[in-house]
Amino acid sequence: MLNILQLQIKVLSSKEQTLNYIEAYLKKFLHLQPDIVTLPEMFNCPYNNKSFPLYAEFEGDITYKFCQNLAKKYNIYLSAGSIPEKDAQNHLFNTAYVFDNNGNCIAKHRKMHLFDIDVKNSQHFKESDTLSAGNNITVFDTKWGKMGLCICYDFRFPELARLMVDLGAKIILVPAAFNMTTGPLHWELLFQSRAVDNQVFTIGTAPARNLNASYHSYGHSIIVSPWGKILNQADFEETALFTTINLNEINLVREQIPLLRHRRLDIYELTQK
Ligand SMILES: NC(=O)CCC(=O)C(=O)O
């Protein structure tokens, strides 16, 4: 059994205030004894290209340290959403970290597929105006087994999820911030599809909607079982989702519907370069 707490928080314009707020908000739910706490994509920065360079931090700076301490202080695994990260060459990345309950960083993922879309008379966003793409598939060990980590638009690519599962991931963590055009159509569908195809738990954590922000998050943080069942889902407001999952469900569904074994790997293969 694994207790998951997803914090669908609002992103404030002051980074310091957001970090303080996260700690205060988390404290309200600690009595539930979460094992893993998850945060949204770009949780310390308004989601827009103007803000990414302004809020960006080197690895090990204030937000990183805050997350490390939070994990250790409250004895939780923290999937620390994502933040704008800068490197020594001043490249910016959309980067997700996971910390264990001793505050050790056990995973780092730089968003591989940048969110560049242009829907006619509707949602336009071009992350590549400011951000560079990461090049690594991220699967990491925990005491509950292997988990995969990707960020929002990354999750649209079924090849990535399948490669994570081939590397042993049993849960896929997705800090995300879908929008009001694609969210209502694709959000649930994607989390259920990836869960059903790969027979894993999928966990998407989004920011709460802020109508004063330039980008309106769809919210709807979600957790789906390997059967494809939505176990819990938020609406758009600030909230915390607490869900207990049974990892045995992965084996059960895989024994009863042996999709991964039934693949015709003699005919086709998916390989990582
Ligand atoms: N932040 C993102 O990557 C947004 C992805 C999104 O909204 C989509 O439709 O995909």
Side-chain angles (χ1 to χ4, degrees), residues 6-12 18 38-56 63 79-85 91-97 108-138 148-162 164 172-195 197 202-211 213-224 233-236:
Q6 298 172 257
L7 299 185
Q8 179 167 296
I9 46 124
K10 252 190 196 158
V11 177
L12 308 173
T18 302
T38 65
L39 297 175
E41 181 180 25
M42 290 291 183
F43 70 90
N44 72 344
C45 169
Y47 188 75
N48 61 63
N49 276 308
K50 228 167 70 187
S51 298
F52 298 153
L54 300 176
Y55 287 69
T63 304
S79 169
S82 79
I83 63 170
E85 180 217 353
H91 297 125
L92 301 183
F93 301 92
N94 185 339
T95 303
Y97 296 99
K108 171 182 183 176
H109 178 78
R110 286 175 167 167
K111 193 174 190 174
M112 292 171 65
H113 305 87
L114 295 181
F115 179 49
D116 288 0
I117 70 163
D118 193 7
V119 182
K120 206 165 175 229
N121 301 323
S122 184
Q123 184 65 53
H124 169 88
F125 205 98
K126 196 159 179 239
E127 279 190 323
S128 64
D129 278 346
T130 55
L131 302 179
S132 302
N135 296 318
N136 293 314
I137 296 169
T138 307
L149 177 66
C150 67
I151 303 175
C152 204
Y153 193 63
D154 278 337
F155 199 51
R156 280 190 176 272
F157 298 84
E159 298 89 342
L160 175 58
R162 175 50 55 87
M164 291 196 283
I172 300 180
L173 297 167
V174 192
F178 263 52
N179 62 86
M180 294 304 298
T181 304
T182 60
L185 271 174
H186 299 160
W187 174 260
E188 272 185 28
L189 185 65
L190 284 168
F191 279 88
Q192 288 186 284
S193 309
R194 299 287 168 271
D197 284 352
T202 58
I203 303 178
T205 307
R209 193 171 309 153
N210 176 358
L211 291 175
S214 59
Y215 181 91
H216 294 163
S217 163
Y218 179 56
H220 286 80
S221 295
I222 190 168
I223 177 163
V224 179
Q233 183 168 200
D235 204 323
F236 64 90

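The figures that follow rest on heavy atoms only: side chains count, while hydrogens, waters and symmetry mates do not. When a ligand or atom number is given, it counts from 1 through the structure's own listing order.
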Exercise. Would a distance-only check, ignoring hydrogens and angles, find a side-chain to backbone donor-acceptor pair under 3.5 Å from T202 to F191?
Worked result: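 Here the side-chain-to-backbone pair exists.
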Exercise. Any chance NZ of K108 has more than 12 other-residue heavy atoms, nucleotides or ligands included, within less than 6.0 Å?
Worked result: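 More than 12 within 6.0 Å, yes.
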Exercise. E85 and T95: side-chain donor and acceptor closer than 3.5 Å?
Worked result: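 A donor-acceptor contact under 3.5 Å links the two side chains.
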Problem set entry | Minimum side-chain heavy-atom gap I172-F155 below 4.5 Å |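 Contact flag for I172/F155 side chains = yes.
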Exercise. Hey, are the side chains of L7 and S221 touching, using non-hydrogen atoms and a 4.5 Å cut-off?
Worked result: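 Counting from C-beta outward, L7 and S221 never come under 4.5 Å.
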Exercise. Who are the salt bridge (Lys or Arg N to Asp or Glu O under 4.0 Å) partners of D129, not counting sequence neighbours?
Worked result: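 So D129 forms a salt bridge (Lys or Arg N to Asp or Glu O under 4.0 Å) with K126.
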Exercise. When you look for protein heavy atoms under 4.0 Å from ligand 1, which residues do they belong to?
Worked result: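 Within 4.0 Å of ligand 1, protein side: E41, Y47, K111, F115, C152, Y153, R156, A177, F178, N179, T182, Y215.
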